[in-house]
Student: 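Please read through the structure below; I'll follow up with questions.
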Number of protein chains: 2
Amino acid sequence: MATKPGSHSQPFVRRLESIFALSEEEKRAIVDLPMQVVELKADQDIVREGDRPSRCCLLLDGVVCTYKLTGDGKRQIMAFHLAGDVPDLQSLHLRVLDSSLATLTPCKVGFIRHEAMRELYERFPRIGDAFWRTTLVDGSIFREWLANVGQRNSHARIAHLLCETLVRSKAVGLATEETCDFPITQQEIAEATGMTVVHANRVIQDLRASGLIELRQNKLTVPDLDRLMEAGDFDPAYLHLNEPQRVAA
Amino acid sequence: MATKPGSHSQPFVRRLESIFALSEEEKRAIVDLPMQVVELKADQDIVREGDRPSRCCLLLDGVVCTYKLTGDGKRQIMAFHLAGDVPDLQSLHLRVLDSSLATLTPCKVGFIRHEAMRELYERFPRIGDAFWRTTLVDGSIFREWLANVGQRNSHARIAHLLCETLVRSKAVGLATEETCDFPITQQEIAEATGMTVVHANRVIQDLRASGLIELRQNKLTVPDLDRLMEAGDFDPAYLHLNEPQRVAA
DNA sequence: CGTTTGGTTGAAATGTGTCAAACTTTGTGG
DNA sequence: CCACAAAGTTTGACACATTTCAACCAAACG
C-alpha cells in the first residue's frame, strides 16, 4: 500500500514503447510517477460504471477486463488488459465511467492520481501525445471487436480473440514465439465474443481438433499462427504496433 | 473547393460544445481553421482502411458512417456521424487508418490539414483536451455498440440504435422533441446491428406495430422516448453529453 | 479428500439467416 | 409529367447456427 515511486511502472513504459517512441528523460519521468500499489484477488471490481474516479489504474501484473452489464444482467467483456495497460486512462477526460473494470486473476495494480498524470503530460507534451495515442489504440481495438462480434461466425470470433491475445502478449514481452499465458475461462471467452459458454466450448473443441490451438491450464499455444490468423480473419494492423512515430522534438 | 476560413465550421463548434465548455477566443480559433470544403455524393468512400491521410474530415452536412469490411466481404458499420463530427480525428495520432469512412447521403465536408489541427491545439491546450475528449466519447460509443451487438436481442439492438440517433441529433440541434432525420436504409441498420436486412425489416415492423416508432421517408419519430429507451435498454450516460467540465483556465 | 470451479455432453427449442420473389417508393430522362 | 429503372422494403418457406436446460465429468484447491 506504499505511495512511492520506483521501478513498478516499468511495464507501463514497455507498453507505451510498443506504440510510441520515448526519450530517456520521458521514460524516467514516467517511472517516477507516484502511485499507490495494491494487490487484488481474482474476480474483484476495481472501478464500476458510474464511478467518478480521481485516479487511474495501472495494471502491473495479472489480467483485468473492461465490461458492461446489460439491463437483463448479461455481461459483455469489451477488453482484456495485460501488464502495462492503463485500462481507465480515459477517466482523465471523461468524468463518469461508462464501464466497469474487474480483475480476472490475482493482480497487482498501481493507482496514479489524475493530477499527477496531468502534470506529467503538461510538462512533457509528447507524453500527452503518447497517452492520447494509447486511448486511440484502445478505440481501434473496440472497433475491431465490434466487427468481430457483429460479422464473424463463432469459429472466426474465437480464433480472432486468441490471435489478438497472443500478438499483444508478444508485443509487451509476455509470450514466447507460440505460447502465452491465458488465464481466461471459457465463460469469459464467451462473454467477450457474444455467445454462450456451451457454444464457446464446442467451438474451442473444434479449433483444438483442427490443430489450430492448444488451450489448457491457463496456457495458449498456437503451433501455426498464420493458419489461426487465416481462420480468425485476423490482421494485426488495428493494434497499431510499432508504427513509425514522428521524431521526438 | 475553396480553401478558406469562414462560418463553415459552426457545426463543429456546436458539437464540441455539446461535450466541452469553450471560451469565445477558443471558438473563434476553431471557426478560423482553414479547410477545403467539398461536396460529395451519397455512397462514396471518403477515406479507406489502410490510408495514411494528412488531413481530417469535418462533416458539415449529411450523414457519414465508419465501417470495416471482413474477409468475406461483410460490412460492419461502427458509427453514424452527424454534422459537426470529425469522424477520423484519430488519424492525428494513428498513422494508418483502421477503418473506412463513407457517405450515406450527399454530404458537405471540410478537409483540415493535420498541421493546422496540431498548431491549433498546441496554441490552445484546452482545445487539445476537447479534441482528446471527443475521441474518448467516440470510444465510449464503440463500447456501447459492442455491448449492443454482443448481448442484446434484435429488438433491443435496433431500439437502442434509434434512441441513440434521436438523442444525439437533439444534442446538436438537429431534431425536434420527438422527430429527427433518418436517411439510413434498413440495409445499413442491419449492418450496424449485426443482422440481416430481412431480419432487421421484421424487427422494425414489430417496433412500428407496438407503436414505439414511426420510421418512413427518412424520418424517425418516437412518440414516447421513455418507452423506446426501456425497450432498447438505453441509458444516454455513455454519450457523455453535458458533463460538467473543469473550469476554463 | 470433499468441495468448488470450470469444462464437456446431449437433446430439444428457437432465433436468425438464406433464398427468391413481389411489391413500393424514389429518382431520372424522354 | 409520364414511364421506366433503380433502390429500398416486404413476404414466405425453409435451413441451420446458436441457445437453453440439465446433467455429468475433471481439475484445482484448501
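Note on naming: letters A, B, ... go to the chains in the order of the sequence lines (proteins, then strands), and numbering restarts at 1 for each one.
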Student: Do side-chain atoms of A:Asp88 reach the backbone of A:Ser91 as a donor and acceptor pair under 3.5 angstrom?
Tutor: no

Student: To the nearest Å, how far apart are B:Gln187 CD and D:dG8 C1'?
Tutor: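 Roughly 10 Å, once rounded to whole Å.
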
Student: Summarise protein proximity over nucleotides 18-30 of chain D in one line of letters, 5' to 3': B for base, S for sugar-phosphate only, - for none, counting protein heavy atoms closer than 4.0 Å.
Tutor: SBBB------S--

Student: When the axes are fitted on five pairs at both termini, how much does the helix from C:dT8-D:dA23 to C:dG30-D:dC1 curve, in 10° steps?
Tutor: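 Here the local axes at opposite ends form an angle of 50°.
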
Student: For B:Thr70, check side chain to side chain contact (heavy atoms under 4.5 Å, CB included) against everything at least two apart and list the hits.
Tutor: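 Applying side chain to side chain contact (heavy atoms under 4.5 Å, CB included) to B:Thr70 gives A:Gln151, A:Arg152, A:Asp233, B:Asp72, B:Lys74.
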
Student: Could you work out, with side chain to side chain contact (heavy atoms under 4.5 Å, CB included) as the rule, every residue matching B:Val149, not counting sequence neighbours?
Tutor: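 For B:Val149, the residues satisfying side chain to side chain contact (heavy atoms under 4.5 Å, CB included) (neighbours in sequence not counted) are A:Leu146, A:Val149, B:Arg157.
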
Student: What donor-acceptor contacts under 3.5 angstrom involve side-chain atoms of residues 215-223 of chain A, with partners at least two apart or in another chain?
Tutor:
unit_1	atom_1	unit_2	atom_2	d
A:Lys219	NZ	A:Asp181	OD1	2.5
A:Thr221	OG1	A:Thr179	OG1	3.1

Student: Could I get the full list of side-chain hydrogen bond (donor to acceptor under 3.5 Å, both in side chains) partners for B:Asp85, not counting sequence neighbours?
Tutor: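 For B:Asp85, the residues satisfying side-chain hydrogen bond (donor to acceptor under 3.5 Å, both in side chains) (neighbours in sequence not counted) are B:Arg15, B:Arg168.
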
Student: Considering residues at least two apart in sequence or located in another chain, which fulfil the side-chain hydrogen bond (donor to acceptor under 3.5 Å, both in side chains) criterion with A:Glu178?
Tutor: none

Student: Residues two or more places apart in sequence or in another chain: which of them pass side-chain hydrogen bond (donor to acceptor under 3.5 Å, both in side chains) with A:His81?
Tutor: A:Thr66

Student: First and last nucleotide of DNA chain C in contact with chain A, 5' to 3', at under 4.0 Å to a heavy atom: what are they?
Tutor: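 Reading along DNA chain C, I get C:dG6 to C:dA11.
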
Student: What residues, two or more places apart in sequence or in another chain, satisfy side chain to side chain contact (heavy atoms under 4.5 Å, CB included) together with A:Asp45?
Tutor: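 Once residues adjacent in sequence are excluded, the partners of A:Asp45 under the side chain to side chain contact (heavy atoms under 4.5 Å, CB included) criterion are A:Arg48, A:Tyr67, A:Ala102.
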
Student: Starting at atom CG of B:Asp206, determine the distance to atom P of D:dT10, rounded to an integer number of angstrom.
Tutor: 12 Å

Student: Using the side-chain hydrogen bond (donor to acceptor under 3.5 Å, both in side chains) criterion, which residues pair with A:Thr135? Sequence neighbours excluded.
Tutor: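 For A:Thr135, the residues satisfying side-chain hydrogen bond (donor to acceptor under 3.5 Å, both in side chains) (neighbours in sequence not counted) are B:Trp132.
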
Student: When you measure from the side chain of B:Arg14 to the backbone N and O of B:Val172, does any donor-acceptor pair fall under 3.5 Å?
Tutor: yes

Student: Measure the distance from CD1 on B:Ile184 to C1' on D:dT9 and round it to the nearest whole Å.
Tutor: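 Interatomic distance, CD1 of B:Ile184 to C1' of D:dT9: 16 Å.
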
Student: Tell me the interatomic distance from B:Gln186, atom CD, to D:dT11, atom P, rounded to whole angstroms.
Tutor: 10 Å

Student: Under the side chain to side chain contact (heavy atoms under 4.5 Å, CB included) rule, collect the residues that match up with B:Ala192, sequence neighbours excluded.
Tutor: B:Ile77, B:Phe80, B:Trp145, B:Leu161

Student: From CG of B:Asp43 over to P of D:dA7, roughly how many Å is that when rounded to an integer?
Tutor: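 About 9 Å, once rounded to whole Å.
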
